[in-house]
**Q** 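My questions will all concern the structure given below.
Only a predicted model underlies this, so the values are computations on that prediction, with no experimental measurement involved.
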Amino acid sequence: MTKASMTRWLTLGLALALSGPAVQAQPAPIKLGELNSYARWAAFTVPYRNGWQMALDEINAKGGVLGRKLEIVSRDDGATTGDATRVADELVSREGVSLLFGSFQSNVGIAMADYANQKKILYIAAEPLTDAITMAQGNRYTFRIRPSNYMQVGMLVDRAKASGAKRWAIVAPNYEYGQSAAEVFKRLIKERVPGAEIVAEQYPALGKIEAGSTVSALEQAKPDGIFNVLFGPDLTQFVREGNTRGLFEGATVLSLLTGEPEWLLPLKDEVPEGWTVTGYPWDEVTDPRHKAFVDAYRAKFKDTPRLGSLLGYMVVHMIRDTIERAGSVETDAMIKALEDAKFDTVIGPVTMRGIDHQASMGAWVGKLVLKGANGGMTDWTYQDGTSFMPSEAEVKAVRKD
């Protein structure tokens with residue numbers, strides 16, 4: 001062996017010795033595509049993002065699923081149907097995500113359901129509430145976690161029976177969610193409260209309420225019951241004007257979502273006590289698993305959880321369980337794993353009904369009360385969603401798939 005050859009062998013040996021044992025390549029992560037209205041509806045979606053991030057960290061700390069870490073690729077959907085479908089296409093085509101989840105506004109949720117059906121990709125609607133997502137526009141690729149308008153309105157109407165109110169007024173934002181909730185209320189109040197009638201309807205543009213004229217129109221109708229679907233800044237202005245003019249005095253008020261911390265906290269000491277609402281009394285739910293979630297959330301984010309926080313946390317854990325049961329991220333396998341699946345969540349058992357892909361997640365129903373300088377809920381109970389779902393006959397009558 002020449003001196004030059006020996007030098008080359010010595011150099012190679014030294015390099016191999018310094019490199020140490022070969023490092024085994026980690027399997028590629030499972031990519032999940034998430035989109036939501038972070039800029040437009042930060043009050044709900046930022047806590048929601050905190051929730052899914054906390055779940056993601058917990059799952060990956062335990063090794064992920066199927067031996068692979070989860071990765072969530074998140075985008076803002078612009079709170080419009082056009083932006084949402086464009087972003088969804090980027091997530092699917094460029095990022096190669098295995099499924100899509102999220103969305104806030106109901107019109108965006110419907111657009112996403114249509115996209116999922118066209119592209120044959122799984123879409124899990126986290127927040128959109130319109131019944132169309134699991135009814136008339138429902139399809140085999142779309143599933144929903146939160147209780148629908150039909151379910152939550154049904155919970156409120158059950159509480160209206162004992163009030164004696166017969167002359168009802170409706171105020172709702174003029175887009176898919178508000179229109180859907182109003183139609184359900186008109187149907188259910190007449191079915192379940194004999195003699196009930198609708199005497200006024202107001203549909204202000206989303207985010208552009210003229211509270212004075214809206215309250216004035218309701219006053220003129222002299223209702224003894226009001227069904228409210230407003231949220232966000234529209235709700236705050238409506239409550240302030242209604243309180244000032246005495247609109248709510250002596251009236252039974254049913255209000256969707258107003259007990260959720262996202263919309264209740266901005267009201268501060270103007271909270272309209274006595275309203276019957278759906279919401280989330282996070283500080284009073286004593287189940288150990290839920291309390292552990294609350295404690296972990298507060299420790300991680302130095303803030304109290306919102307309903308969005310709980311929802312984001314639940315959704316990602318349910319996705320983890322679905323992939324585990326499916327044994328893969330193949331779309332058909334995940335669909336089969338979701339249909340009629342039972343999930344053990346931090347709020348108890350939740351089932352994904354196979355016929356309409358609607359989860360049985362329920363809602364807390366109670367009355368608003370002022371607690372110090374802020375509002376809260378009292379006399380509340382958790383209503384399991386199973387008892388408030390549309391019948392299978394109703395589902396079959398409207399679904400086209």
**Q** Can a side-chain donor-acceptor contact be found between Ser216 and Glu219 if the only test is distance below 3.5 angstrom?
**A**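 Note: Glu219 and Ser216 side chains miss the donor-acceptor criterion.
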**Q** Using a distance-only test with no angle check, is there a side-chain donor-acceptor pair under 3.5 angstrom linking Gln179 and Asn174?
**A**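 Yes, a side-chain donor-acceptor pair sits under 3.5 Å.
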**Q** Testing Tyr382, Trp380, Trp364 one by one against Tyr280 for a ring pair (Phe, Tyr, Trp, His ring centres under 6.0 Å), which residue passes?
**A**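 That would be Trp364.
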**Q** Do any N or O atoms from the side chain of Arg49 and from the backbone of Ala42 form a donor-acceptor pair under 3.5 angstrom?
**A**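 Answer holds: no.
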**Q** Taking Glu95's backbone N and O only, do any of them form a donor-acceptor pair with Lys31's side chain (distance below 3.5 Å, no angle check)?
**A**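 Pair found, side chain donor or acceptor close to backbone of Glu95.
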**Q** Less than 4.0 Å between a side-chain N and a carboxylate O, is that true for Arg399 and Asp401?
**A**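 Salt bridge present between Asp401 and Arg399.
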**Q** If you look at every heavy atom in Thr81 and Asn107, which pair is closest and at what distance?
**A**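 For Thr81 versus Asn107, the nearest heavy atoms are CG2-O, 3.5 Å.
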**Q** Name the residue from Phe104, Tyr48, Tyr177 that meets the ring pair (Phe, Tyr, Trp, His ring centres under 6.0 Å) definition with Trp41.
**A**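 Considering Phe104, Tyr48, Tyr177, a ring pair (Phe, Tyr, Trp, His ring centres under 6.0 Å) with Trp41 is found only for Phe104.
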**Q** Taking everything shown except Glu58 itself, do over 12 heavy atoms lie less than 6.0 Å from its CD?
**A**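 Yes, enclosed.
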**Q** Taking atom NZ as the centre, does Lys119 end up with more than 12 heavy-atom neighbours from other residues, nucleotides or ligands that are less than 6.0 angstrom away?
**A**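 12 or below, so no.
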**Q** Would the Tyr297 and His290 ring centres measure less than 6.0 Å apart?
**A**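 They do not qualify: ring centres at least 6.0 Å apart.
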**Q** Whether Lys371 and Glu284 form a salt bridge (side-chain N of Lys/Arg under 4.0 Å from carboxylate O of Asp/Glu) is what I want to check.
**A**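 Salt bridge flag = yes for Lys371 with Glu284.
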**Q** Can you list the steps and then say if Phe185 with Phe227 is a ring pair (Phe, Tyr, Trp, His ring centres under 6.0 Å)?
**A** CA-CA 8 Å; Phe185 177 77; Phe227 176 62; 4.2 Å; yes
**Q** Please tell me if the side chains of Phe238 and Asn243 come closer than 4.5 Å, counting only heavy atoms from C-beta onward.
**A**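 With C-beta onward as the side chain, the pair stays apart.
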**Q** I'd like to know whether Ile145 forms a side chain to side chain contact (heavy atoms under 4.5 Å, CB included) with Leu311, so could you lay out the CA-CA distance, the side-chain angles of the two residues, the decisive distance to 0.1 Å, and finally the verdict.
**A** CA-CA 8 Å; Ile145 306 300; Leu311 183 65; 4.0 Å; yes
**Q** Quick test of your reading of the model: are Lys166 and Glu197 salt-bridged, counting only N-O distances below 4.0 Å?
**A**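 Answer for the salt bridge query: no.
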**Q** Taking it one step at a time, do Phe44 and Glu260 satisfy side chain to side chain contact (heavy atoms under 4.5 Å, CB included)?
**A** CA-CA 9 Å; Phe44 192 99; Glu260 296 174 6; 3.9 Å; yes
**Q** Is there a side-chain contact between Val277 and Met377 in this structure, where contact means two heavy atoms from C-beta onward sitting under 4.5 Å apart?
**A**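 Sidechains of Met377 and Val277: in contact.
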**Q** How far apart are the C-alpha atoms of Tyr123 and Phe101, what are their side-chain angles, what is the distance that settles it, and do they pass the ring pair (Phe, Tyr, Trp, His ring centres under 6.0 Å) test?
**A** CA-CA 5 Å; Tyr123 165 56; Phe101 74 100; 9.2 Å; no
**Q** Please report the closest heavy-atom contact between Ile133 and Pro128, naming both atoms and the distance.
**A**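 Looking at all heavy atoms of both residues, the shortest contact is CD1-CB, 3.3 Å.
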**Q** Is Asp234 salt-bridged to Lys208, going by a charged N under 4.0 Å from an acidic O?
**A**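 Here Asp234 does not pair with Lys208 in a salt bridge, since their nearest N and O are not under 4.0 Å apart.
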**Q** Check Ser180 against Asn149 and note the closest heavy-atom contact, atom names and distance.
**A**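 Taking Ser180 first and Asn149 second, the nearest heavy atoms are OG-ND2, 3.0 Å.
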**Q** Ignoring hydrogens and geometry, is there a side-chain-to-backbone donor-acceptor pair from Glu324 to Ile319 under 3.5 Å?
**A**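 No, the answer is negative, given that no donor and acceptor are paired below the 3.5 Å cut-off.
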**Q** Give me the atom names and distance for the closest heavy-atom approach of Asn374 to Leu265.
**A**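 Minimum heavy-atom contact is OD1-O, 4.2 Å.
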**Q** Considering only NZ, NE, NH1 and NH2 on the basic side and carboxylate oxygens on the acidic side, decide whether Asp332 and Lys336 come within less than 4.0 Å.
**A**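 Between Lys336 and Asp332 there is no salt bridge, as every charged N stays at least 4.0 Å from the carboxylate O atoms.
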**Q** Does Val316 form a side chain to side chain contact (heavy atoms under 4.5 Å, CB included) with Ile72? I'd like the steps, not just the answer.
**A** CA-CA 10 Å; Val316 172; Ile72 295 178; 4.0 Å; yes
**Q** Any salt bridge between Arg86 and Glu90, counting N to O under 4.0 Å?
**A**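 Here Arg86 pairs with Glu90 in a salt bridge, since their nearest N and O are under 4.0 Å apart.
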**Q** Can you tell me if Asp131 and Ser148 form a side-chain donor-acceptor pair at under 3.5 Å?
**A**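 A pair is found: one side chain offers a donor N or O, the other an acceptor, under 3.5 Å apart.
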**Q** With a 6.0 Å cut-off (strictly less than), is the heavy-atom count around NZ of Lys120, excluding the residue itself, greater than 12?
**A**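 Enclosed.
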**Q** Hey, what do you get for OH (Tyr115) to CG (Asn139), rounding to the nearest 0.5 Å?
**A**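 That separation rounds to 13.0 Å.
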**Q** Under 3.5 Å, is there a donor-acceptor pair between the side chain of Glu201 and the main chain of Ala169?
**A**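 Flag not set: sc Glu201 to bb Ala169 has no pair under 3.5 Å.
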**Q** If the plane angle is over 60° it's perpendicular, under 30° parallel, otherwise tilted; pick one for Trp275 and Phe248.
**A**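 Perpendicular, since the angle between the ring planes exceeds 60°.
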**Q** For Lys161, does the NZ atom have more than 12 heavy-atom neighbours from other residues, nucleotides or ligands under 6.0 Å away?
**A**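 Check passes, neighbour count above 12.
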**Q** Can you list the steps and then say if Arg306 with Glu262 is a salt bridge (Lys or Arg N to Asp or Glu O under 4.0 Å)?
**A** CA-CA 6 Å; Arg306 314 296 199 261; Glu262 288 87 337; 5.7 Å; no
**Q** I'd like to know if Arg240 and Glu270 make a salt bridge, using a cut-off of under 4.0 Å between side-chain N and carboxylate O.
**A**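 Counted as a salt bridge, because a side-chain N and a carboxylate O are separated by less than 4.0 Å.
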**Q** Do the non-hydrogen side-chain atoms of Asn228 and Leu254 ever get within less than 4.5 Å of each other?
**A**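 A side-chain contact under 4.5 Å is absent here.
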**Q** Taking atom types as modelled, find out whether Arg159 and Thr381 have a side-chain donor-acceptor pair closer than 3.5 angstrom.
**A**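 Yes, Thr381 and Arg159 have a side-chain donor paired with an acceptor closer than 3.5 Å.
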**Q** Do Glu34 and Arg75 sit within salt-bridge range, that is, some charged N less than 4.0 Å from a carboxylate O?
**A**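 Between Arg75 and Glu34 there is no salt bridge, as every charged N stays at least 4.0 Å from the carboxylate O atoms.
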**Q** Indicate whether any N or O donor in one side chain lies under 3.5 Å from an N or O acceptor in the other, for Thr276 and Lys367.
**A**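 Thr276 vs Lys367: donor-acceptor pair found between side chains.
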**Q** Taking NZ, NE, NH1 and NH2 as the nitrogens, is one of them in Glu183 or Arg187 under 4.0 Å from a carboxylate oxygen of the other?
**A**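 Between Arg187 and Glu183 there is no salt bridge, as every charged N stays at least 4.0 Å from the carboxylate O atoms.
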**Q** Given side chain to side chain contact (heavy atoms under 4.5 Å, CB included), test Phe388 with Val153 step by step and report yes or no.
**A** CA-CA 9 Å; Phe388 297 92; Val153 173; over 6 Å; no
**Q** Could you check whether any side-chain heavy atom of Thr258 comes within less than 4.5 Å of a side-chain heavy atom of Leu368, counting everything from C-beta outward?
**A**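 Sidechains of Leu368 and Thr258: in contact.
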**Q** Side chains of Pro223 and Trp168: closer than 4.5 Å at any heavy-atom pair?
**A**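 When only atoms from C-beta onward are counted, Trp168 and Pro223 do not touch, as no gap falls below 4.5 Å.
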**Q** With the side chain counted from C-beta on, respond yes when Met135 and Val395 share a heavy-atom pair under 4.5 Å apart, and no when they do not.
**A**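 Yes, their side chains come closer than 4.5 Å.
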**Q** Output yes when Arg353 and Asp340 qualify as a salt bridge under the 4.0 Å nitrogen-oxygen rule, no when they do not.
**A**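 The answer is no: the pair does not qualify as a salt bridge.
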**Q** Identify whether the distance between the nearest side-chain nitrogen and carboxylate oxygen of Glu339 and Arg140 falls below 4.0 Å.
**A**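 No, this pair does not count.
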**Q** Using a 3.5 Å distance criterion without hydrogens, assess whether the side chain of Asp76 forms a donor-acceptor pair with backbone atoms of Gly78.
**A**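 Such a contact is found between Asp76 side chain and Gly78 backbone.
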**Q** Is the backbone of Ala333 close enough, under 3.5 Å, to the side chain of Glu330 for a donor and an acceptor to pair up by distance?
**A**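 Yes; at least one donor-acceptor contact below 3.5 Å.
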**Q** Looking at OH of Tyr313 and CG of Leu56, how far apart are the two atoms once the value is rounded to the nearest 0.5 Å?
**A**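 Interatomic distance, Tyr313 OH to Leu56 CG, rounded to 0.5 Å: 11.5 Å.
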**Q** For a quick test of reading the model, state the closest non-hydrogen atom pair linking Gln105 to Ala79 and the distance between them.
**A**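 What the structure gives for the nearest pair is NE2-O, 3.5 Å.
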**Q** Show your working on side-chain hydrogen bond (donor to acceptor under 3.5 Å, both in side chains) between Thr244 and Glu241 and close with a plain yes or no.
**A** CA-CA 5 Å; Thr244 300; Glu241 187 70 19; 5.4 Å; no
**Q** Check whether any side-chain heavy atom of Gln152 sits under 4.5 Å from a side-chain heavy atom of Arg146, and report yes or no.
**A**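 In contact.
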**Q** How close do Ser37 and Thr45 get, counting heavy atoms only, and between which atoms?
**A**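 Closest pair (atom of Ser37, atom of Thr45, distance): O-OG1, 3.3 Å.
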**Q** Judged by modelled atom types alone, do Thr134 and Asp356 share a side-chain donor-acceptor pair under 3.5 Å?
**A**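 No.
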**Q** Quick one: does Arg298's side chain have a donor or acceptor within less than 3.5 Å of a partner on Thr304's backbone?
**A**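 No; judged by distance alone, with no hydrogens or angles, the pair does not exist.
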**Q** Hey, does the side chain of Lys302 reach the backbone of Ala299 with a donor-acceptor pair shorter than 3.5 angstrom?
**A**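 Yes, the answer is positive, given that a donor and an acceptor are paired below the 3.5 Å cut-off.
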